[in-house]
Amino acid sequence: MPELPEVETTRRLIAPLLVGRRVRELRTTRDSYFFVTPTRELRRGIEGEEFAALERRGKYLVATLGSGSRLVIHLGMTGQLFSSRASSVRLLSATARASLAPEEQVVFEPDLHTHLHFIFEDAGPDVYMRDVRKFGKVLLLAPGQTHPRLARLGGDALGVTGEILFAATRKRKTSIKALLLDQSVLAGVGNIYADEALYQSAVRPARRAARITRKECVAIADGLRRVLLRSIETGGSSISDYVSPDGEDGGYQDERRVYGRAGEDCIECGDVIRRKLVAQRSTHYCPTCQS
DNA sequence: ATTCCAACCTGATAGC
DNA sequence: TGCTATCAGGTTGGAA
């Protein structure tokens with residue numbers, strides 16, 4: 001779920017819990033696909049270091065350490081980065097939820113999905129990263145070192161313009177939806193916001209990119225920026241796993257027009273929202289409003 | 001060069 | 001109740 005608005009919300013709320021604090025201990029789960037950098041190296045590079053800055057690049061978080069090394073985190077599909085003070089049922093498995101008494105206070109305890117546990121030298125809250133499906137990624141870059149994952153990224157989706165899209169879509173045989181999801185074209189757009197932006201701009205997701213007019217490219221760029229900014233304002237979308245670092249749900253799931261609304265009525269025209277596969281991804285659109 | 005597709009991993013849910 | 005099949009918001013690498 002974490003797309004640009006969720007990652008940006010996470011960045012804003014977790015930055016005060018990282019920047020200016022020195023790590024005393026980093027606990028991890030066992031090495032796996034999840035860790036691009038082996039855990040021993042991670043611990044060696046991070047313990048004793050102070051976080052100097054936290055930036056976002058597309059859906060990646062990049063934390064700079066005092067040493068000049070950079071800790072790169074991708075939340076994948078189910079990644080959660082949060083404070084030990086966070087309290088949310090989204091941080092628990094369904095079985096754990098079911099055994100909760102009504103109104104019982106949720107106290108988070110690290111479980112087998114909690115892959116990172118930062119403990120700091122001061123007495124403030126710990127920071128956790130949890131990721132059930134392990135599609136997330138963690139890597140540590142030496143000072144000045146780059147990585148193909150970051151090098152490949154296109155411009156940030158918040159800075160998209162009609163001209164950028166128009167240039168990127170020419171001679172592309174693929175669908176406009178697939179193009180929006182391509183992180184080397186635009187960094188930060190995922191399945192939810194691609195569908196929402198295409199709805200806002202009245203363009204069908206399956207349309208061939210090269211056939212989109214300049215005017216439509218402007219509409220799509222405007223739609224993207226509007227949807228992404230509004231979602232950031234509301235704290236992102238909490239549809240299945242996403243919670244803010246404080247344990248709060250986002251608000252944008254209540255403002256969705258198409259994503260996950262197949263079979264329901266279009267807010268604008270009353271026609272039924274459809275769902276079909278485009279670019280091998282579940283895609284939602286209004287057959288009347290979008291053409 | 002571009003597009004497609006399986007793979008990575010786990011859990012929730014629907015259907016039998 | 002239990003089993004199986006299907007589906008999930010992402011990205012990669014290699015095949016087509």
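Here is how names work: the chains are called A, B, and so on, in the same order as the sequence lines, proteins then strands, and each is numbered from 1. Computed from a predicted model, the values in this text were never measured in an experiment.
Residue A:Gln183 has no polar side-chain atom (N or O) positioned under 4.0 Å from OP1 or OP2 of C:dG10.
A salt bridge does not link A:Lys59 with A:Glu3: none of the charged nitrogens is closer than 4.0 Å to a carboxylate oxygen. A salt bridge between A:Arg11 and A:Glu8 is present, with a side-chain N of the basic residue lying under 4.0 Å from a carboxylate O of the acidic one. A salt bridge does not link A:Glu216 to A:Arg214: none of the charged side-chain nitrogens sits closer than 4.0 Å to a carboxylate oxygen. A:Asp122 and A:Arg24 are not joined by a salt bridge, as no carboxylate oxygen comes within less than 4.0 angstrom of a charged side-chain nitrogen. Salt bridge present: A:Arg130 and A:Asp111 bring a charged side-chain N and a carboxylate O closer than 4.0 Å. Under the 4.0 Å criterion applied to side-chain N and carboxylate O atoms, A:Arg256 and A:Asp195 are not assigned as salt-bridge partners.
Listed in residue order, the members of residues 7-14 of chain A having a heavy atom less than 4.0 Å from DNA chain B come to none.
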Indicate for each nucleotide in nucleotides 3-11 of chain B, in 5' to 3' sequence, whether protein heavy atoms under 4.0 Å reach the base (B), only the sugar-phosphate (S), or nothing (-).
S-B--BBBS
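A cation-pi arrangement is present between A:Arg21 and A:Phe120, with the terminal nitrogen or guanidinium carbon under 6.0 Å from the aromatic centre and inside a 45° cone about the axis.
Nearest to the side chain of A:Tyr259, among C:dT11, C:dA8, C:dG10, sits C:dA8.
If A:Arg275 and A:His74 are placed on DNA chain C by their nearest nucleotide, the residue sitting closer to the 5' end is A:Arg275.
For B:dC9, there is no paired nucleotide, since no Watson-Crick or G-U wobble pair has both relevant distances below 3.5 Å.
You'll find the ring centres of A:Tyr252 and A:Tyr193 inside the 6.0 Å limit.
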